[in-house]
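Structure first, commentary second.
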Amino acid sequence: MIKLLLDVDTGIDDALALFFLAHAQKQGQLEILGSTTVGGNAEVAQTTLNTLKIWEMLELEIPVASGAERPLLGPLETAPFVHGDDGLGNTFLSVPRESASEESAVDMILRLSHEYFGELTLLTTAPLTNIAVALLRDTSLAGRIRNLVIMGGAVFSGNVSAVAEANITNDPEAARIVFHSGMEMTLVGLDVTHEVYWEEADLEPLVKIGNERSAFLLQIIRFISAAYESLSGWRRCVLHDPLAAGVCIFPDLVKTEKRYVDVELRGELTRGMTVVDRRGRTPLGEENMQVALEVDAERFKTRLMQSLLAWTQEG
Ligand code: BDR
Ligand code: CA
């Protein structure tokens, strides 16, 4: 069974990923060993509270270890216009009953990598700061991880700039460290996540449920859809982080190519861009990760909706 540790900046689409993973755990598809948090969509104090709260809503006792407050260099830029002032669509949930664990995010990552040597799947849906700091403390971490699935980057087109994606741009130096670590990696970037989204009509099954749980989900999904509309013109909830979670369990949801990928650190217009060398014989370096380029969007959207409906019907 898949042993999973996730690193998140919860965040609306991170939250949807947690719902999906919780359902998969119930179905015996994986075991969630822990969760670590980082500043990204909101300050780390808030992403930690949000992660604790979502686990509580799901009635799961999964430890949450708080991590980096800011990127390795420079200040943190949060995204209240996309995820709300509370990171969860201004739903302003009550304070969670549980607190973050005593252990730091980096300590949790390193400990679990020893306890589950060669077995651990790491999922990151956030800036890569915690993973980079763990690698700086102990480079041998890379050899103990079975696979790192990263929601981040893009081959063809960015979101926070013409060429760069948010999670990588929020800490490009950390991404550089991780990309060069030698870890087994799969990059689930905008090329595939932008193909997987819900529009209002897709929400019909949730609308029909009509209880408190479905109301919460609809509120966060509609909040991010409206934000996306003002940024891009398309009113839709793009399922970035849930798709990366899906790939951890069902790798065949995406078609990948093994490529050399690096991160632009200095470009005037391109800082944070993932540079994917797709040339056949003259790569910039050794291929260092699988890059997702095609996705079975319908299959995943159905699965994700099923996991949300299951939770709303339990309550
Ligand atoms: C990524 O950036 C964050 O805002 C989302 O939660 C997702 O992880 C998409 O670029
Ligand atoms: Ca995220």
Side-chain angles (χ1 to χ4, degrees), residues 5-21 35-44 46-51 53-54 64 67-68 71 76-89 105 122-131 148-172 174-175 178 186-198 220-221 223-232 234 236-248 263 271-274 291-292 295 304:
L5 170 60
L6 44 143
D7 188 70
V8 291
D9 62 340
T10 315
I12 291 173
D13 60 329
D14 304 75
L16 296 175
L18 301 188
F19 281 99
F20 173 79
L21 290 167
S35 46
T36 55
T37 58
V38 63
N41 291 326
E43 301 283 341
V44 71
Q46 185 69 52
T47 64
T48 303
L49 285 176
N50 292 350
T51 308
K53 193 68 199 177
I54 299 290
V64 179
L76 171 68
E77 290 199 21
T78 59
F81 46 94
V82 180
H83 295 270
D85 291 335
D86 61 349
L88 286 175
L122 259 179
L123 165 65
T124 60
T125 63
L128 289 162
T129 322
N130 287 336
I131 317 298
L148 165 62
V149 177
I150 301 168
M151 191 285 122
V155 180
F156 293 110
S157 178
N159 56 3
V160 287
S161 78
V163 293
E165 182 278 333
N167 287 338
I168 303 299
T169 305
N170 282 339
D171 198 341
V178 174
T186 304
L187 194 72
V188 179
L190 300 177
D191 311 282
V192 284
T193 65
H194 270 157
E195 299 291 315
V196 188
Y197 54 83
W198 283 329
I220 63 172
I221 292 168
F223 186 97
I224 205 165
S225 303
Y228 195 77
E229 183 177 28
S230 60
L231 293 170
S232 73
W234 299 97
R236 52 180 65 155
C237 172
V238 182
L239 302 165
H240 302 286
D241 296 345
L243 179 64
V247 169
C248 293
V263 188
R271 181 168 155 82
M273 175 185 184
T274 43
V291 180
V295 58
L304 181 60

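Owing to the predicted nature of the structure, the values given are computational and were not obtained by experimental measurement. Whatever order the structure lists ligands and atoms in, that order sets their numbers, starting from 1.
A side-chain N or O of Asp7 and one of Thr36 form a donor-acceptor pair less than 3.5 Å apart. Judged by distance alone, the side chains of Thr48 and Thr37 do bring a donor and an acceptor atom under 3.5 Å apart. A side-chain N or O of Asp14 and one of Asn41 form a donor-acceptor pair less than 3.5 Å apart.
Nearest to atom 4 (O) of ligand 1 by heavy atom, out of Asp241, Ile150, Asn41, is Asn41.
Residue His240 has no nitrogen or oxygen atom sitting less than 3.5 Å from a nitrogen or oxygen atom of ligand 1, judged on distance alone.
Of all atoms in ligand 1, listed by their number and element, those nearer than 4.0 Å to a heavy atom of Met151 are 1 (C), 7 (C), 8 (O), 9 (C). Atoms of ligand 1 found under 4.0 Å from any heavy atom of Ala166 (numbered from 1 in listed order, with element): 2 (O), 10 (O). Close contacts between ligand 1 and Glu165 involve ligand atoms 1 (C), 2 (O), 9 (C), 10 (O) [criterion: under 4.0 Å to a heavy atom]. Every atom of ligand 1 with a heavy atom of Thr125 under 4.0 Å away is listed here by number and element: 8 (O). Applying the 4.0 Å criterion to heavy atoms of Asn167 picks out, from ligand 1, the atoms 1 (C), 2 (O), 3 (C), 7 (C), 8 (O).
To the nearest 0.5 Å, atoms OG1 (Thr125) and NE2 (His240) are separated by 11.5 Å. Taking CG of Asp85 as the reference point, atom CG of Leu88 lies at 11.5 Å (rounded to 0.5 Å). Rounding to the nearest 0.5 angstrom, the gap separating the CG atom in Asp86 from the NZ atom in Lys53 is 12.0 Å. Within the model, atoms CZ of Phe19 and CG of Leu304 stand 10.5 Å from one another, a figure rounded to the nearest 0.5 Å. A distance of 5.5 Å separates CG in Leu122 from CG in Leu148, rounded to the nearest 0.5 Å. One distance of note links CD1 of Ile150 with OG1 of Thr124; it measures 5.0 Å at 0.5 Å rounding.
The environment of Glu77 atom CD is sparse: at most 12 non-hydrogen atoms of other residues, nucleotides or ligands sit within 6.0 angstrom.
Closest to atom 6 (O) of ligand 1, if we only count protein heavy atoms, is Asp13 OD1, 2.5 Å.
For the Ca ion (ligand 2), the set of protein N/O/S atoms nearer than 3.0 Å consists of Asp9 OD1, Asp14 OD1, Asp14 OD2, Thr125 O, Asp241 OD2, ordered by chain and number.
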Next on the checklist: What verdict does the side-chain contact (heavy atoms from CB on, under 4.5 Å) test give for Leu76 and Glu43, after you've listed the backbone C-alpha separation in whole Å, the side-chain angles of each residue and the deciding distance to 0.1 Å?
Outcome noted: CA-CA 8 Å; Leu76 171 68; Glu43 301 283 341; 4.0 Å; yes
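Within the 4.0 Å heavy-atom criterion, the part of Asn159 lying near ligand 1 is the side chain and not the backbone. The part of Asp14 lying near ligand 1 is the side chain, judged by heavy-atom distances below 4.0 Å.
Ligand 1 lies out of reach of Val82, whose nearest heavy atom is not under 4.0 Å from it.
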